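The structure appears below as structure tokens.
Please read these numbers as outputs of a predicted model, since none were measured by experiment.
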Amino acid sequence: MLVLHEDQRDKPLEDALNKVARKHKGNLLVAKVDVRENADLHAKHNHIATPAIISYDANGKILAQADYVRPADVRQHTALLINGTPIEAPQSQRERTSSEPINVSDKTWRDEVLKSSVPVLVDFWAPWCGPCRSIAPYVEQLAKEYAGRLKVVKLNTDNNPVISRRHGIQGIPTLAIFENGQQVNRISGANPAGLKRMVEQALA
């Protein structure tokens with residue numbers, strides 16, 4: 001099991017990897033590689049988003065891989081390598097009606113945001129944030145108004161540190177537009193008029 005990282009400080013993930021390494025010592029090798037020091041290896045794996053897991057069989061064949069991994073991914077890949085248990089693909093929310101915001105996580109970010117066929121409005125928020133609560137009704141209204149043309153998702157920054165850190169979220173609410181997997185615009189603060197303009201520009 002190859003783990004690619006960029007020195008992310010993720011104790012739950014580290015604990016899960018250490019547990020697997022101890023429990024299956026002799027049957028499973030867990031190798032951690034910092035991609036900043038091994039750019040060629042990262043390129044070989046198409047610059048997969050970190051932290052990532054790539055599982056190999058005894059002959060060096062890739063059996064499975066995952067990006068933005070969490071402890072559950074470690075357990076799934078371990079079951080695959082030790083017991084041959086297939087990894088089930090998560091049920092994507094992309095096909096459901098998008099007339100209301102969809103809650104996303106570090107794990108579902110790639111499918112819901114980066115692979116979306118329509119522009120995505122991301123609301124980076126947290127439950128304790130007053131301005132986040134004040135802008136929420138406007139975000140919900142945009143989801144209804146532009147259903148089918150715009151996907152609206154919400155990411156709780158407290159529970160999803162990987163994506164929040166990757167996109168440099170320092171203040172909330174931050175609202176960003178993603179197209180074809182790339183961030184194209186963003187604003188900070190509870191600014192309904194600015195949010196509306198940003199969305200209209202994206203869909204123009």
Side-chain angles (χ1 to χ4, degrees), residues 5-16 49-52 66-74 90-204:
H5 67 97
E6 294 180 47
D7 196 32
Q8 288 101 337
R9 299 302 178 186
D10 189 331
K11 190 174 187 304
L13 183 59
E14 291 177 1
D15 289 346
T50 60
D67 55 9
Y68 299 123
V69 294
R70 308 303 305 145
D73 296 294
V74 176
Q91 183 177 3
S92 175
Q93 296 173 315
R94 285 176 290 163
E95 302 304 322
R96 78 158 106 165
T97 303
S98 55
S99 60
E100 61 182 28
I102 298 169
N103 289 314
V104 298
S105 66
D106 285 343
K107 178 61 179 173
T108 61
W109 175 265
R110 184 179 182 86
D111 279 345
E112 296 291 357
V113 179
L114 303 187
K115 292 184 177 181
S116 177
S117 59
V118 296
V120 183
L121 171 64
V122 181
D123 178 7
F124 294 93
W125 73 291
W128 49 264
C129 167
C132 296
R133 292 194 298 272
S134 71
I135 195 70
Y138 297 97
V139 174
E140 292 169 4
Q141 179 57 39
L142 290 172
K144 292 181 175 67
E145 185 176 348
Y146 296 104
R149 298 176 59 203
L150 176 76
K151 179 186 286 190
V152 179
V153 306
K154 295 172 70 72
L155 184 127
N156 184 329
T157 57
D158 284 352
N159 296 338
N160 299 283
V162 174
I163 296 299
S164 302
R165 183 171 56 243
R166 181 171 295 278
H167 292 284
I169 304 303
Q170 297 180 340
I172 51 175
T174 290
L175 297 116
I177 296 286
F178 284 78
E179 292 185 50
N180 300 316
Q182 300 294 321
Q183 179 181 288
V184 297
N185 205 349
R186 71 193 283 177
I187 61 171
S188 296
N191 181 353
L195 175 59
K196 177 80 168 181
R197 283 194 300 271
M198 183 174 72
V199 169
E200 289 180 342
Q201 288 172 3
L203 298 179

Side-chain ([X]) to main-chain ([Y]) donor-acceptor, under 3.5 angstrom:
| X | Y | value |
| --- | --- | --- |
| Thr174 | Ile169 | no |
| Ser164 | Pro161 | no |
| Arg166 | Thr50 | yes |
| Asp73 | Arg70 | yes |
| Asn160 | Ile163 | no |
| Thr108 | Val104 | no |
| Ser116 | Val113 | no |

Quiz prompt | Worked verdict on Asp67 versus Arg110 for side-chain contact (heavy atoms from CB on, under 4.5 Å) | solution = CA-CA 8 Å; Asp67 55 9; Arg110 184 179 182 86; 2.8 Å; yes
Quiz item: How are the rings of His167 and Trp109 set relative to one another: parallel (under 30°), tilted (30 to 60°) or perpendicular (over 60°)?
Solution: tilted
Looking at [atom1] of [X] and [atom2] of [Y], how far apart are the two atoms once the value is rounded to the nearest 0.5 Å?
| X | Y | atom1 | atom2 | value |
| --- | --- | --- | --- | --- |
| Leu155 | Asp106 | CG | CG | 6.5 Å |
| Ile172 | Ile135 | CD1 | CD1 | 13.0 Å |
| Lys11 | Leu13 | NZ | CG | 11.5 Å |
| Trp125 | Asn156 | CH2 | CG | 5.0 Å |
| Asp158 | Trp128 | CG | CH2 | 6.5 Å |
| Asn185 | Ile177 | CG | CD1 | 7.0 Å |

Exercise. Mind jotting down which residue pairs meet the salt bridge (charged side-chain N to carboxylate O under 4.0 Å, His left out) criterion with at least one end in residues 117-138? Sequence neighbours excluded, please.
Key: Asp123-Lys154
Heavy-atom pair with the smallest gap, counting every atom of [X] and [Y]:
| X | Y | answer |
| --- | --- | --- |
| Pro173 | Cys132 | N-SG, 3.6 Å |
| Arg186 | Gly168 | NH2-O, 3.8 Å |
| Ala190 | Pro131 | CB-O, 3.7 Å |

Tell me which donor-acceptor pairs under 3.5 Å the side chains of residues 196-204 have, and how far apart each pair is, sequence neighbours excluded?
{"residue": "Lys196", "atom": "NZ", "partner": "Glu145", "partner atom": "OE1", "Å": "3.1"}
{"residue": "Lys196", "atom": "NZ", "partner": "Glu145", "partner atom": "OE2", "Å": "2.6"}
{"residue": "Lys196", "atom": "NZ", "partner": "Tyr146", "partner atom": "OH", "Å": "3.3"}

Exercise. Given side-chain contact (heavy atoms from CB on, under 4.5 Å), test Leu142 with Leu195 step by step and report yes or no.
Key: CA-CA 9 Å; Leu142 290 172; Leu195 175 59; 3.6 Å; yes
Exercise. Decide yes or no on side-chain contact (heavy atoms from CB on, under 4.5 Å) for Val153 and Leu121, but give the supporting numbers first.
Key: CA-CA 6 Å; Val153 306; Leu121 171 64; over 6 Å; no
Quiz item: Does some side-chain heavy atom of Leu175 sit less than 4.5 Å from a side-chain heavy atom of Val122?
Solution: no
Quiz item: If we only count heavy atoms from C-beta on, is the Val162 to Pro51 side-chain gap below 4.5 Å?
Solution: yes
Quiz item: Are Glu112 and Lys151 within salt-bridge range, i.e. N to O under 4.0 Å?
Solution: yes
